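Excluded from the calculations below are hydrogen atoms, water molecules and symmetry mates; all remaining heavy atoms, backbone and side chain alike, are included. The structure presented is a predicted model; accordingly, all values stated were derived computationally and were not measured.
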Amino acid sequence: MDVWDVWRQVHGVAQQALDIAFPPQCAGCKRTGAILCSTCLVSMQPRTPLPCRKGWRALSGVFAVNVYQGSLRTCIHALKYEGITRLAPPLGALLTQCYLHNNMQADMLIPVPLHSQRHKLRGYNHAYLLSHVCSSQVNIPLRNDILIRSRATTAQVGLNVYERQQNVMGAFSCMAKATTESVYRRTIIIVDDVCTTGATLDACAATLLQAGAASVWGLVLAGSVT
């Protein structure tokens, strides 16, 4: 049991008591009763895979739960920017459904890492929280000690495809010891919240392939509608 598991158990007991006194609102539609209501959850169920986009250098493909709109978009924003980490379990479970729905197979899951400066500011990595849930449900190892973001990058929002690729090029690296021992000839799934052009996922994949991985796939909550 890691630190996140212990924190979840302790926090869960306290949260149950608070929910009795102050019923939560759905992050998607603001309806009182649950942090994510059944109606919003149904609207987020896994759909067809994202079509492959031209320009990926390293990714074998990307699977997304649904498109980046509506309640799913609202919930991703709440998890990522508003500190509502209670959304990680239900959203992580959606990743599990997508994994199973598309018959994905992998040797390990790796969350897209945050740069240390951004991690310190935010206090957590949302991709890690999501992949932790999925990892425990599909019984595949989660490795948070292999890939690191060695260079800080600006936000991808507002950048075109070329600018996104340039922004993350060379931004990731592998821990030296883990490279040969854990990555060689492995099939790896990179986990993130959103795939717009796939530039970030592709940069991660390129680093892992260079380290000896057999193939790298992306698994995300939402894909771009365009």
Side-chain angles (χ1 to χ4, degrees), residues 4 8 26-31 34-53 56 59-114 124-144 156-157 164 187-205 215-226:
W4 171 239
R8 278 201 306 168
C26 174
C29 66
K30 306 306 179 185
R31 185 178 301 165
I35 194 63
L36 187 55
C37 74
S38 57
T39 301
C40 286
L41 196 56
V42 167
S43 73
M44 301 175 187
Q45 294 305 299
R47 293 177 58 177
T48 55
L50 282 176
C52 280
R53 296 175 180 272
W56 288 349
L59 273 174
S60 295
V62 176
F63 290 90
V65 173
N66 214 308
V67 293
Y68 189 50
Q69 62 185 17
S71 296
L72 181 56
R73 178 174 182 168
T74 301
C75 288
I76 290 172
H77 190 280
L79 169 64
K80 190 172 182 178
Y81 299 114
E82 299 174 20
I84 306 180
T85 55
R86 293 182 66 193
L87 284 167
L91 294 180
L94 288 174
L95 288 178
T96 299
Q97 291 179 40
C98 186
Y99 180 97
L100 298 173
H101 178 75
N102 291 288
N103 298 312
M104 300 181 75
Q105 300 291 329
D107 296 304
M108 68 185 74
L109 303 182
I110 296 180
V112 171
L114 289 178
Y124 60 94
N125 179 1
H126 60 286
Y128 171 78
L129 301 185
L130 293 168
S131 56
H132 187 280
V133 175
C134 183
S135 169
S136 64
Q137 293 178 347
V138 298
N139 197 29
I140 292 176
L142 169 62
R143 295 299 301 268
N144 197 37
Q156 296 279 66
V157 177
R164 285 170 179 260
T187 298
I188 300 171
I189 290 178
I190 301 291
V191 177
D192 205 1
D193 57 338
V194 180
C195 174
T196 303
T197 65
T200 299
L201 293 171
D202 196 44
C204 290
S215 63
V216 183
W217 297 76
L219 176 61
V220 299
L221 285 172
S224 173
V225 294
T226 58

Test side-chain contact (heavy atoms from CB on, under 4.5 Å) applied to [X] - qualifying residues, sequence neighbours left out:
| X | value |
| --- | --- |
| T39 | R31, C37 |
| L114 | R118, H119, R122, N125 |
| Q105 | none |
| T96 | L100, C134, Q137, V138 |

Distance in Å, [X] [atom1] paired with [Y] [atom2], rounded so as to fall on 0.5 Å steps:
| X | Y | atom1 | atom2 | value |
| --- | --- | --- | --- | --- |
| L109 | L142 | CG | CG | 6.5 Å |
| F63 | C195 | CZ | SG | 12.0 Å |
| I189 | L201 | CD1 | CG | 11.5 Å |
| Q97 | L41 | CD | CG | 7.0 Å |
| M108 | T187 | CE | OG1 | 9.0 Å |
| E82 | T74 | CD | OG1 | 9.0 Å |

Taking all heavy atoms of [X] and all of [Y], pick out the closest pair and write down the distance.
| X | Y | result |
| --- | --- | --- |
| T85 | L79 | CA-CD1, 3.8 Å |
| C75 | L87 | O-CD1, 3.5 Å |
| C98 | L219 | SG-CD1, 3.8 Å |
| A106 | I140 | O-CD1, 3.8 Å |
| P141 | S135 | C-OG, 3.8 Å |
| A64 | G223 | CB-N, 3.7 Å |

Would L91 and M44 count as a side chain to side chain contact (heavy atoms under 4.5 Å, CB included) here? Give the steps.
CA-CA 9 Å; L91 294 180; M44 301 175 187; 4.2 Å; yes
[X] side chain near [Y] side chain, heavy-atom distance below 4.5 Å:
| X | Y | result |
| --- | --- | --- |
| N144 | P111 | yes |
| V194 | V220 | no |
| Q45 | L94 | yes |

Working note: L95 + V133, criterion side chain to side chain contact (heavy atoms under 4.5 Å, CB included); need CA distance, chi angles, decisive distance, verdict.
CA-CA 9 Å; L95 288 178; V133 175; over 6 Å; no
Hey, which of C29, P89, P90 is the one that makes side chain to side chain contact (heavy atoms under 4.5 Å, CB included) with L36?
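For L36, the side chain to side chain contact (heavy atoms under 4.5 Å, CB included) check succeeds only for P90.
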Salt bridge (Lys or Arg N to Asp or Glu O under 4.0 Å) contacts in which one or both residues fall within residues 189-200, not counting sequence neighbours:
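The answer is K80-D193.
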Does the D107 side chain pair with the main chain of I188, one donor and one acceptor, at a distance under 3.5 Å?
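Side chain of D107 to backbone of I188: no pair is present.
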Measure from the side-chain N and O atoms of Y68 to the backbone N and O of A222, and report whether any donor-acceptor pair falls under 3.5 Å.
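Absent.
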